[in-house]
Amino acid sequence: MIGIDLIKTSRMERFMERFGERALHKFLSSDEILLVKNYKTASGFWAAKEACSKALGVGIGSECKFHDITIYKTSYGAPKLNLSQRLLKNFNISDCSLSITHDGDYAIAVVAVESSSADKIKQL
């Protein structure tokens with residue numbers, strides 16, 4: 001399952017200007033906030049969480065909340081995802097991958113989620 005999201009970074013910039021650090025706490029953990037360098041980084045994290053929820057086929061809502069998805073970085077600086085036990089169990093997730101990129105005024109994220117469920121591909 002694949003999800004993608006695109007956000008105009010100026011939208012995040014306005015959000016952060018209006019609500020300050022409270023804005024970040026709405027969708028990021030304290031550890032994630034430490035990784036945010038500026039509104040562009042925050043935009044990429046927002047896109048990553050939206051892309052993950054889309055890969056699960058539910059979007060952000062009651063079945064998948066922003067705080068069910070945590071972003072961290074490897075020692076090489078590559079972004080990775082940690083998913084809550086609730087998501088792992090409910091969606092039979094065995095693995096996931098994340099890519100975030102920025103271009104001009106946009107941040108884009110793609111998430112691939114692998115499910116261990118036998119019925120993940122509908123037979124034609």
- Item | Reported CD-to-SG distance for the pair Glu114 and Cys96, which is rounded to 0.5 angstrom | 10.0 Å
- Query: Are the side chains of Phe91 and Val113 in touch, meaning some heavy atoms are under 4.5 Å apart?
  - Reply: no
- What closest approach, in Å, do Met12 and Tyr39 show between heavy atoms, and which atom pair accounts for it? CG-O, 3.5 Å
- Query: How are the rings of Trp46 and Phe66 set relative to one another: parallel (under 30°), tilted (30 to 60°) or perpendicular (over 60°)?
  - Reply: tilted
- Message: Just verifying a value: how many Å separate Thr9 OG1 and Asn38 CG, rounded to the nearest 0.5 Å?
- Response: 9.0 Å
- Item | Sequence-distant partners of Ala47, side-chain contact (heavy atoms from CB on, under 4.5 Å), two or more places apart | Asp5, Ile7, Ala109
- Summary of side-chain hydrogen bond (donor to acceptor under 3.5 Å, both in side chains) pairs that have at least one residue in residues 94-104, sequence neighbours excluded: none
- Closest heavy-atom pair, Ala55 versus Val111, reported as atoms and distance to 0.1 Å, is CB-O, 3.8 Å
Sequence neighbours excluded and cut-off under 3.5 Å, please list the side-chain donor-acceptor pairs for residues 74-81, or say none.
residue : atom : partner : partner atom : Å
Thr74   : OG1  : Tyr76   : N            : 3.2
Thr74   : OG1  : Gly77   : N            : 3.4
Thr74   : OG1  : Ala78   : N            : 3.1

- Message: Restricting to ring-ring contact (aromatic ring centres under 6.0 Å, His included), what partner residues turn up for Tyr72, sequence neighbours left out?
- Response: none
For a quick test of your reading: what N or O donor-acceptor pairs under 3.5 Å do the side chains of residues 16-28 make, sequence neighbours left out?
residue : atom : partner : partner atom : Å
Glu21   : OE2  : His25   : NE2          : 3.2

- For Ile2, what are the other residues in its hydrophobic cluster, where any two members join if their side-chain heavy atoms are less than 4.5 angstrom apart? Ile4, Leu6, Tyr106, Ile108, Val110
- Task: Find the distance between CD1 (Ile71) and CG (Asn82) and round it off to the nearest 0.5 Å.
- Result: 10.5 Å
- Note on the structure: Rounded to the nearest 0.5 angstrom, the CG-OG distance for Asn92 and Ser116 is 4.5 Å
- Message: Enumerate the salt bridge (charged side-chain N to carboxylate O under 4.0 Å, His left out) contacts for residues 58-72, please, sequence neighbours excluded, ordered by first and then second residue.
- Response: Asp68-Arg86
- side chain to side chain contact (heavy atoms under 4.5 Å, CB included) between Leu56 and Ile93: does it pass, once the steps are laid out? CA-CA 9 Å; Leu56 297 175; Ile93 299 167; 3.6 Å; yes
- Pairs touching residues 28-53 that satisfy salt bridge (charged side-chain N to carboxylate O under 4.0 Å, His left out), sequence neighbours left out: Glu32-Lys49
- Please report the C-alpha distance between Leu98 and Cys52 in whole Å, then the side-chain angles of each, then the deciding distance to 0.1 Å, and finally whether the side chain to side chain contact (heavy atoms under 4.5 Å, CB included) criterion is met. CA-CA 8 Å; Leu98 167 64; Cys52 184; over 6 Å; no
- Query: Do the non-hydrogen side-chain atoms of Met1 and Ser115 ever get within less than 4.5 Å of each other?
  - Reply: yes
- Query: With a 4.5 Å limit on heavy-atom distance, are the side chains of Leu87 and Cys64 in contact?
  - Reply: yes
- Task: Please report the shortest heavy-atom distance between Ser53 and Ile60, naming the atom on each side.
- Result: OG-N, 3.3 Å
